[in-house]
Each structure stands twice: as structure tokens, then as C-alpha cells.
Amino acid sequence: EALLDQSLVAGIGNAIRNGGLWAARISPWRRVGDLDPAEVERALHHCRRIMEIAVERGRRPESIYRAERRGCPRCGGPVSVRGQGDANRTSYWCPTCQT
């Protein structure tokens, strides 16, 4: 949820958040306070990179977002989907790749 808070970091929407956390191998269910600084930096780096690629190519790179039918692009395993936070934004994650 912190990645969607525009007062903390601007420009990250739900699809970017899901893709960035997946690329960083961080579960969307981890509490911000439980992440070490390197994990936070890695998540932000991947979110930024996804946005840069989207601008360059005109579309986001393939990631975990809406991949529940295809499976995880990294390991092929099942993708879990569940609403999260007060706004009940949909989170997509791979229980195998994202701890």
C-alpha cells in the first residue's frame, strides 16, 4: 500500500506496484517496517524501471499483473490474487517467488 501512497512516492499505480514487487521478489503482504533498506530500494528501482520501459515501448513489460491464468512469468507456478488495503486494490503475487 505504501507504494501507492502519492505523498510518499508519486506515479506508481497498481499495475506498476504489482510488477515492481514481483521483480524485486518481495511479497505484497510484507509490512514496510519489516523490509530492510536494500529491499525498499530494490522495489523502488524496479517500479521506476517498469515506468521507464513503459514510456520507451508504449506498454509495460510482462510481469505478474493479471497473470493468474498464465502463471508466474518467472517460475510458471500459480499466481495468487486478493484485494489489499482500504481501497481493496487487487494484488497479484507468486507465493513461490515472492517471500
Side-chain angles (χ1 to χ4, degrees):
E1 255 186 294
L3 289 173
L4 297 174
D5 185 339
Q6 299 297 301
S7 69
L8 298 175
V9 58
I12 299 175
N14 197 45
I16 303 296
R17 171 185 70 108
N18 280 282
L21 290 173
W22 174 75
R25 296 179 178 257
I26 298 170
S27 169
W29 306 105
R30 298 263 314 270
R31 296 176 56 84
V32 173
D34 293 339
L35 298 175
D36 64 49
E39 289 174 310
V40 173
E41 186 175 325
R42 192 168 71 239
L44 290 170
H45 165 79
H46 285 291
C47 288
R48 178 182 176 151
R49 186 67 190 131
I50 290 167
M51 289 187 280
E52 290 171 343
I53 291 169
V55 169
E56 290 168 10
R57 298 181 187 169
R59 61 181 171 76
R60 288 184 316 274
E62 182 180 14
S63 75
I64 200 77
Y65 187 68
R66 294 189 174 166
E68 68 274 22
R69 290 189 179 140
R70 339 183 267 282
C72 175
R74 184 181 297 122
C75 75
V79 172
S80 295
V81 182
R82 191 169 86 201
Q84 184 178 33
D86 293 338
N88 202 33
R89 302 294 296 268
T90 305
S91 288
Y92 298 83
W93 77 99
C94 175
T96 302
C97 294
Q98 293 173 263
T99 57

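Residues I50 and P61 are in side-chain contact: their nearest non-hydrogen atoms beyond the backbone lie under 4.5 Å apart. Contact annotation: the side chain of S91 approaches that of W29 to within less than 4.5 Å [non-hydrogen atoms, C-beta and beyond]. Inter-residue side-chain proximity for R74 and C94 is flagged as unmet; no heavy-atom pair is nearer than 4.5 Å. At least one side-chain heavy atom of L3 sits under 4.5 Å from a side-chain heavy atom of C47. Here the side chains of P28 and R17 are in contact, with some heavy-atom distance below 4.5 Å. By the 4.5 Å heavy-atom criterion applied to side chains, S27 and L21 are not counted as neighbours. When side chains are defined from C-beta on, E68 counts as touching R66, because their heavy atoms get closer than 4.5 Å.
Nearest approach of I26 to A43, heavy atoms of both residues: CD1-CB, 4.1 Å. C75 approaches T96 most closely through the heavy-atom pair SG-CB, 4.2 Å. Annotation for L8 and A2: closest pair CD1-O, 3.7 Å, computed over non-hydrogen atoms.
Residues passing the salt bridge (charged side-chain N to carboxylate O under 4.0 Å, His left out) test with R49 are E52, E56, sequence neighbours excluded.
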Test log, rule side chain to side chain contact (heavy atoms under 4.5 Å, CB included), inputs N14 and Y65: CA-CA 9 Å; N14 197 45; Y65 187 68; 3.9 Å; yes
CA sep, side-chain torsions, deciding dist, call: V79, R70, side chain to side chain contact (heavy atoms under 4.5 Å, CB included): CA-CA 8 Å; V79 172; R70 339 183 267 282; over 6 Å; no
Test log, rule side chain to side chain contact (heavy atoms under 4.5 Å, CB included), inputs Y92 and S63: CA-CA 10 Å; Y92 298 83; S63 75; over 6 Å; no
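Other residues, nucleotides and ligands contribute more than 12 heavy atoms inside 6.0 Å of the CZ atom of R42.
Hydrophobic clustering (side-chain heavy atoms under 4.5 Å, transitive across Ile, Leu, Val, Met, Phe, Trp, Tyr) groups M51 together with V9. No continuous path of hydrophobic side-chain contacts links V40 to W93 [ILVMFWY only; heavy atoms under 4.5 Å]. Cluster membership check: L4 does not share its hydrophobic cluster with L35, using side-chain heavy-atom separations under 4.5 Å among Ile, Leu, Val, Met, Phe, Trp and Tyr.
Atoms OG and CD, on S80 and Q98 in that order, are 9.5 Å from each other to the nearest 0.5 Å. Interatomic distance, CD of Q84 versus OG1 of T90, reported as 10.0 Å (0.5 Å rounding).
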